[in-house]
Amino acid sequence: MRVTTSFPLGTLRDTPSEAEIISHQLLLKAGYIRRVNSGIYAYMPIMLRVIEKISAIIDRELNSIGCTKLLLPQLHPADLWKKSERWEGYTAGEGIMFNLKDRQGKEFGLAPTHEEVITSIASEIINSYKQLPQCFYQIQTKFRDEIRPRFGLMRSREFIMKDGYSFHSSEKDLASFYEEVGNAYENIFKSCGIDTVGVEADSGAIGGASSKEFMVTADTGEDSILFTQSGSYAANIEKAVSIPSQPIPLKDNISGLIETPQQKTILEICEKNNLDPTQIIKVVVFLAQFEGKLEVPILACIRGDQHINEVKLFNLLNKLYSSNLLNLGKIEDKNIIEENLVDFPIGFIGPDLDNNTIKATSNWDKKWTRIIDHSASNLSSFLSGANKVNWHKFFQEFSFTSKDYIVEDIRNAKKGDRIKDDDNEELKEKKGIEIGHIFQLGQKYSEKLNAKFSDRDGQLKNLWMGCYGIGVTRIAQAAIEQNHDKKGICWPIQISPFEVIIIPTNLKDPIQIELTEQIYKNFLINKIDVLLDDRDERAGVKFKDAELIGIPFQIIIGRDSIKKEVELICRTNNTKFKISSDKLLEKFISESEIMYNKNS
RNA sequence: CGGGGCGUGGCGCAGCUUGGUAGCGCGGGUGCUUUGGGAGCACUAGGUCGCAGGUUCGAAUCCUGUCGCCCCGACCA
């Protein structure tokens with residue numbers, strides 16, 4: 001490609017002010033993307049080459065484990081999503097699916113994911129166990145109406161994703177294929193030249209049994225991951241399970257009420273009354289809104305030094321009730337409290353709060369669903385709210401089980417916690433960017449969409465399904481987050497838009513021009529991804545741009561052309577080779593091989 | 001959704017307090033010089049000052065409304 005005739009660069013002198021994190025700034029400044037709207041970007045030619053490189057790596061690895069590529073529609077009829085009972089959840093409330101009506105008033109959604117479509121198609125083409133297993137994937141734009149798009153391609157409303165869906169005759173076959181995909185993913189990320197860590201994860205709105213996320217560790221990541229140094233355990237903080245520290249026992253001779261005016265936080269209460277947070281049980285009230293207008297008030301209890309994990313709580317409630325949980329939020333709005341509750345001393349709620357606090361006229365479920373975390377369930381003596389404004393109460397020999405409490409893990413694991421009783425290894429925390437996620441869906445979708453096959457015994461059975469995602473555009477940005485310096489991007493060679501850029505320093509010099517053309521043609525013939533910066537610009541301008549866009553190798557053609565000598569420079573470590581032009585190709589090939597091998 | 005900030009040529013910004021009819025740097029174009037690290041000089045093109053009302057003889061500037069963009073966010077029970 002020639003910069004002047006076929007490959008304009010579009011680099012900027014200044015960084016657009018909208019970008020906060022370095023990878024986003026570099027994508028804009030180096031001319032890879034242009035913002036069209038909040039969370040909506042155009043991929044410029046140079047960006048498309050990166051996307052295509054990543055896609056090719058994905059194709060290679062997935063094809064090697066027998067996956068088949070196809071392309072599914074992005075406009076999905078609501079009916080299909082109503083069958084899987086996800087339409088409401090994805091469109092109402094905090095729903096992330098863009099949706100619209102056609103001229104006949106028929107409802108559609110713009111696909112955020114494709115389980116429904118692929119399952120309905122698979123059910124039509126798969127009839128027998130003899131056709132299984134089967135895995136289809138596509139690489140395509142997804143649409144999500146994010147609450148707050150940010151960080152460029154990291155959280156955008158339109159992004160490119162590889163999504164794959166597998167179909168199996170048994171749970172066992174699904175589990176073993178899931179492992180295979182996990183391994184293929186490791187290869188893909190390694191081949192892309194990025195460092196990732198696989199962690200246990202929550203399966204979220206997609207649903208299903210087991211799921212694993214692949215994270216790029218970076219300080220700008222939006223997720224927190226907890227792991228042990230030895231690698232024995234790694235999980236997303238939403239999912240992580242750990243052992244809380246030992247509580248300090250409360251003296252058993254304390255009882256009764258204490259006045260706690262103006263003491264709003266656990267810390268204040270501890271300070272003023274000489275207590276430890278582990279001796280307090282905090283009670284948090286939530287309202288769970290289910291599909292079909294069912295609203296259930298929740299009383300969630302946890303030890304004072306711990307925090308409630310709303311993802312765990314969400315999942316628990318979703319399991320507890322038969323209809324879909326749409327929204328879970330704390331009860332704190334004055335008007336809502338006024339309308340539905342009576343004698344409700346917010347801030348001083350105790351675990352023994354009476355069901356009578358829910359007004360008879362309220363639309364809510366008439367009794368509190370009571371949940372207690374493991375960290376607090378075995379405390380029998382503790383301080384908690386007295387159900388009276390400005391008062392707390394010492395409870396003695398309180399039994400949660402006898403008060404209809406459901407005992408579950410609804411607690412946030414945190415760094416410093418231990419994993420096992422017999423192991424002193426502590427959890428550490430890092431930020432991560434999720435770039436891949438694999439799920440064992442089980443039969444959730446096949447059941448709802450009636451996707452069956454005839455098994456060996458002639459019986460109709462539901463297909464076992466897995467689903468597997470990779471954020472293609474996110475990989476590109478995460479790679480920059482991991483590979484850059486003051487001058488600009490330092491692409492891993494595997495996903496760089498070009499492997500090498502040729503920079504003639506003076507286009508007025510016919511000797512340079514001739515040598516440049518000769519080298520350029522030779523590289524093209526040898527199928528090397530080469531960009532020729534043939535702009536009639538000063539050398540400095542072209543050097544700066546080459547560094548900014550991050551091509552791993554530069555060939556500088558300058559004064560020594562007369563001696564048929566050029567320079568080969570490695571972008572990352574600035575190594576320079578002065579070399580005769582007839583040895584150049586050979587040298588480039590060996591140097592680039594080293595780089596390919598180092599990264600993969 | 002709540003809180004904060006910002007909308008002025010392609011990009012980065014000043015001007016607004018104290019109204020008088022828009023400016024700087026970069027980028028673009030032309031010419032000359034320069035030519036291995038974002039060159040110099042000269043000329044030049046390019047702006048509904050986000051949008052809509054209002055106040056005023058006069059609004060980028062003051063008032064009201066509206067739209068858009070960016071950033072931050074619930075240790076609190």
Side-chain angles (χ1 to χ4, degrees), chain A residues 8-21 24-25 28-31 34-40 93-94 147-152 155 157 220 222 260 263-270 277 280-286 298-310 313 327-333 337 344-351 353 373 376 383-385 387 389 392 411-412 414 486-488 503-509 512 533 535-549 554-561 565-567 569 574 576 578:
Chain A
L9 285 179
T11 54
L12 301 173
R13 195 64 163 264
D14 302 297
T15 304
S17 59
E18 69 198 46
E20 194 70 8
I21 65 174
H24 185 197
Q25 291 175 346
L28 288 166
K29 190 176 180 207
R34 313 247 346 154
R35 193 181 66 81
V36 171
N37 206 282
S38 174
I40 301 174
E94 300 276 271
I147 296 170
R148 180 149 95 87
R150 60 180 132 180
F151 303 146
R155 184 162 298 280
R157 297 194 288 177
T220 51
E222 294 183 277
T260 52
Q263 299 173 20
K264 295 256 173 172
T265 69
I266 299 267
L267 283 176
E268 280 169 341
I269 292 169
C270 290
I280 297 177
I281 284 185
K282 59 182 172 187
V283 181
V284 189
V285 289
F286 291 92
I298 312 291
L299 220 51
C301 302
I302 194 160
R303 212 173 71 193
D305 61 319
Q306 302 293 328
H307 296 291
I308 289 181
N309 179 322
E310 291 191 26
L313 184 61
N327 214 354
L328 177 69
K330 287 177 193 163
I331 299 177
E332 45 198 3
D333 184 287
I337 292 174
F344 186 73
I346 192 156
F348 301 89
I349 307 292
L353 186 73
D373 181 69
L383 181 84
S384 192
N387 296 323
V389 173
H392 278 73
R411 183 181 137 267
N412 252 347
K414 55 184 184 190
K486 303 122 274 162
K487 298 175 190 167
I503 304 172
T505 56
N506 184 1
L507 289 178
K508 303 269 187 310
D509 178 355
Q512 281 193 30
D533 192 350
R535 289 177 297 172
D536 189 10
E537 282 285 355
R538 299 167 64 85
V541 173
K542 295 201 269 193
F543 292 157
K544 291 282 183 206
D545 272 346
E547 283 156 353
L548 179 60
I549 65 177
Q554 300 161 6
I555 292 167
I556 314 295
I557 296 168
R559 291 172 185 134
D560 294 332
S561 300
E565 230 176 54
V566 299
E567 271 180 280
I569 301 179
N574 210 30
K576 291 182 189 172
K578 278 209 164 201

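Values in this document were obtained by computation on a predicted structure and should not be read as measured data. Residue numbering restarts at 1 for every chain, and letters A, B, ... go by the order of the sequence lines.
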Next item on the list: May I ask you to evaluate whether A:T15 reaches the phosphate of B:C11, defined as a side-chain N or O under 4.0 Å from OP1 or OP2?
Entry: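 For B:C11, OP1/OP2 do not have a side-chain N/O of A:T15 under 4.0 Å.
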
Checklist line | Any A:N37 side-chain nitrogen or oxygen under 4.0 Å from OP1 or OP2 of B:C69 | finding: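 Yes, such a contact exists.
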
Between N or O atoms, less than 3.5 Å apart, protein on one side and nucleotides 24-26 of chain B on the other: list the pairs.
{"from": "B:G25", "atom 1": "N2", "to": "A:D14", "atom 2": "OD2", "distance (Å)": "3.4"}
{"from": "B:C26", "atom 1": "O3'", "to": "A:R13", "atom 2": "NH1", "distance (Å)": "3.3"}

Determine the Euclidean distance between corresponding [atom1] atoms of [M] and [N]; express it in Å to zero decimal places.
N: B:G68; M: B:G54; atom1: C1'; value: 22 Å
N: B:C16; M: B:A60; atom1: C1'; value: 7 Å
N: B:G53; M: B:G12; atom1: C1'; value: 32 Å
N: B:G20; M: B:C62; atom1: C1'; value: 14 Å
N: B:C1; M: B:U61; atom1: C1'; value: 33 Å
N: B:C6; M: B:G15; atom1: C1'; value: 16 Å
N: B:G46; M: B:A22; atom1: C1'; value: 14 Å
N: B:C26; M: B:A14; atom1: C1'; value: 15 Å

Item checked: Along RNA chain B (nearest heavy atom to each residue), the more 5'-positioned of A:T265 and A:G558 ->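 Going by which nucleotide is closer to the 5' end, it is A:G558.
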
Checklist line | Donor/acceptor link under 3.5 angstrom from A:E567 side chain onto base of B:G36 | finding: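 Looking at the base of B:G36, it does pair with a donor or acceptor on the side chain of A:E567 (distance under 3.5 Å).
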
Next item on the list: Can you check whether any acceptor in the base of B:C76 is under 3.5 Å from a donor in the side chain of A:K330, or vice versa?
Entry: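 Per atom types, the contact qualifies.
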
What's the [atom1]-[atom2] distance between [X] and [N], to the nearest Å?
X: A:R155; N: B:C72; atom1: CZ; atom2: P; result: 12 Å
X: A:I556; N: B:G37; atom1: CD1; atom2: P; result: 11 Å
X: A:L328; N: B:A74; atom1: CG; atom2: P; result: 16 Å

Side chain of [X], heavy atoms from C-beta onward: which of [options] has the nearest atom to it?
X: A:H307; options: B:C76, B:G37, B:G12; result: B:C76
X: A:P16; options: B:A39, B:G12, B:G68; result: B:G12
X: A:S38; options: B:C76, B:C70, B:G36; result: B:C70
X: A:R148; options: B:G73, B:U35, B:C75; result: B:G73
X: A:R559; options: B:C72, B:G36, B:C70; result: B:G36
X: A:F151; options: B:C71, B:A39, B:G12; result: B:C71
X: A:E547; options: B:A39, B:C69, B:G37; result: B:G37
X: A:A539; options: B:C71, B:C69, B:G36; result: B:G36

Note to self: Tell me the closest heavy-atom pair linking A:C301 and A:V283, and the distance in Å.
What the structure shows: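 Nearest pair, atom of A:C301 first, then A:V283: SG-CG2, 3.9 Å.
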
